[in-house]
Amino acid sequence: MERLTRQFYEIPTLVLAEKLLGKIFVRILPGNIVLKGRIVETEAYLAENDEACHAWKGKTRRNQAMFQFPGTIYVYFTYGNHYMLNIVSEPENTAGAVLIRAMEPVEGIPVMKQQRGMEKLTSLMSGPGKLTRALAIENACNGMNLFGEEFFLENAAPVPEKLIGTSRRIGISKSRELPWRKFIIENPHVSKTRTA
DNA sequence: AGCGTGATCTTT
DNA sequence: AAGATCACGCTG
C-alpha cells in the first residue's frame, strides 16, 4: 500500500481533519511489530480564535511540536494517565494540528489487546487516550514525524462525503461552539460522545 | 455518577 | 511555592 508523502499534509487543518478519515495509521514497534489502525474520528485545533488550542497564546515548551512542519507528531500527557496523539498541520512556525480521537484496529490486534488489558474490539481504540495506549505512544514520540520507520500513514480510498459527520469538539470548555470534529457515521469505533 | 493522576501554566 | 486546569477512562 502506498505511503502518504509530505504533500498530503500540506493542506489547511480543517481539510486535513476530514481527509485523515479512513487512512491507515501505522506504528512499528521494536522487533518489527506492526500495528495498524484506520482513523475514524478527528478534531482540528488552530491557533487563531481557538482558545482550546494549546498554542493559541504562542509557543511554549510543551506545544513547540505544533509549530513544526506538517506531518510532525505532537504528543502530550494529560489527566494524569493519558497521552494524546496529534498530527501537525500548517506551515512551519504556524501552529495547527489534528487530534486523532479514534481508530478501528486493523493489524496487530493481539498486541493491542495486551497493551489495553481488554478484549473487546470496539474498546481498544475508541477514544484518544485508549488508542495511544494500544499503540504504545508516549512522550518520547513527541516531535517525531510520519516520514520515518516508526510512524507513517498508508493511503486508502476517501470516505464518501455522505458518511462523514461533523460536530462540536468533545471534552473542552473553551471554544465549544466550533464544529471542528469529524467522524465516520455509524462506525462502532468512534468514541462515545461525552456530554458535560 | 465519581475519582484517580501528574504535567503545565498562571498567579502569588 | 501553591493552586487551578485539563483535547480522559474506569469502576460502580
Side-chain angles (χ1 to χ4, degrees), chain A residues 9 12-21 25 37 39-68 70 72-90 94-105 112-144 146 151 165-184 187-196:
Chain A
Y9 304 91
T13 303
L14 292 179
V15 180
L16 185 61
E18 197 165 319
K19 288 208 155 198
L20 283 170
L21 294 176
F25 186 92
I39 299 173
V40 299
E41 181 180 351
T42 62
E43 278 178 5
Y45 287 85
L46 275 171
E48 294 227 349
N49 299 328
D50 179 9
E51 286 190 55
C53 177
H54 289 169
W56 78 283
K57 274 186 167 173
K59 204 182 269 193
T60 67
R61 181 130 181 272
R62 175 224 223 166
N63 68 25
Q64 54 184 337
M66 283 188 94
F67 291 81
Q68 296 194 177
T72 301
I73 291 176
Y74 171 42
V75 177
Y76 69 92
F77 184 73
T78 193
Y79 289 109
N81 320 338
H82 304 292
Y83 294 97
M84 299 286 133
L85 168 67
N86 298 252
I87 296 179
V88 174
S89 57
E90 304 297 320
T94 303
V98 177
L99 170 69
I100 308 301
R101 284 196 54 88
M103 295 189 205
E104 174 176 340
M112 294 174 185
K113 287 181 175 172
Q114 191 183 338
Q115 303 260 322
R116 292 274 297 112
M118 289 206 172
E119 286 295 314
K120 199 176 173 206
L121 219 54
T122 51
S123 300
L124 289 185
M125 302 213 281
S126 55
K130 297 180 186 177
L131 68 91
T132 52
R133 186 68 180 261
L135 298 176
I137 291 173
E138 42 199 346
N139 258 180
C141 307
N142 186 36
M144 293 185 157
L146 293 166
F151 294 102
T166 298
S167 79
R168 308 205 280 208
R169 294 174 296 179
I170 313 284
I172 55 173
S173 50
K174 298 165 189 167
S175 305
R176 287 164 138 280
E177 69 288 355
L178 299 172
W180 287 0
R181 171 171 173 259
K182 301 283 174 184
F183 58 97
I184 300 181
N187 183 294
H189 298 88
V190 169
S191 71
K192 290 183 291 185
T193 61
R194 191 178 290 268
T195 43

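Each chain gets a letter, A, B and so on, in the order its sequence line appears, and its residues count up from 1.
- Remark: A:K57, A:T60, A:R62 in residues 55-68 of chain A come within less than 4.0 Å of DNA chain B through at least one heavy atom.
- Checked against side-chain contact (heavy atoms from CB on, under 4.5 Å), A:N187 has the following partners two or more places apart in sequence or in another chain: A:R38, A:V40, A:E104, A:I184, A:H189, A:V190.
- Ring geometry for A:Y83 against A:F77 counts as tilted: the plane angle lies between 30° and 60°, on a 0 to 90° scale.
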Quiz item: Can you give the dot-bracket line for DNA chain C, using ( ) for pairs inside the strand, [ ] for pairs that cross earlier ones, | for pairs with another strand and . for unpaired bases, where Watson-Crick and G-U count if both distances are under 3.5 Å?
Solution: ||||||.||||.

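- Shown for residues 130-144 of chain A: no residue has heavy atoms falling under 4.0 angstrom of DNA chain B.
- A:T42 meets the side chain to side chain donor-acceptor pair (under 3.5 Å) test with no other residue; sequence neighbours excluded.
- Across the protein-nucleic acid pair, A:Y79 atom OH and C:dG9 atom C1' stand 11 Å apart, rounded to whole Å.
- Distances from the side chain of A:R116 to the nucleotides C:dC10, C:dA7, C:dC6 place C:dC10 closest.
- Sorted by first and then second residue, the salt bridge (Lys or Arg N to Asp or Glu O under 4.0 Å) pairs with a member in residues 115-125 of chain A read A:K113-A:E119; sequence neighbours excluded.
- Every residue meeting the side chain to side chain donor-acceptor pair (under 3.5 Å) condition with A:T166, not counting sequence neighbours, appears here in chain and number order: A:K182.
- Residues passing the side-chain contact (heavy atoms from CB on, under 4.5 Å) test with A:E51 are A:W56, A:K174, A:S175, sequence neighbours excluded.
- Taking A:T60 as the reference, A:N63 meet the side chain to side chain donor-acceptor pair (under 3.5 Å) condition, with sequence neighbours excluded.
- Proximity of residues 118-129 of chain A to DNA chain B (heavy atom under 4.0 angstrom from any strand atom) is not detected for any residue.
- Partners of A:R181 according to the side chain to side chain donor-acceptor pair (under 3.5 Å) rule, which considers only residues two or more places apart in sequence or in another chain, are A:E41, A:S167.
- Counting to the nearest Å, the C1' atom of C:dG9 and the CZ atom of A:F77 are 13 Å from each other.
- With sequence neighbours excluded, the residues satisfying side-chain contact (heavy atoms from CB on, under 4.5 Å) with A:L14 are A:A44, A:W180.
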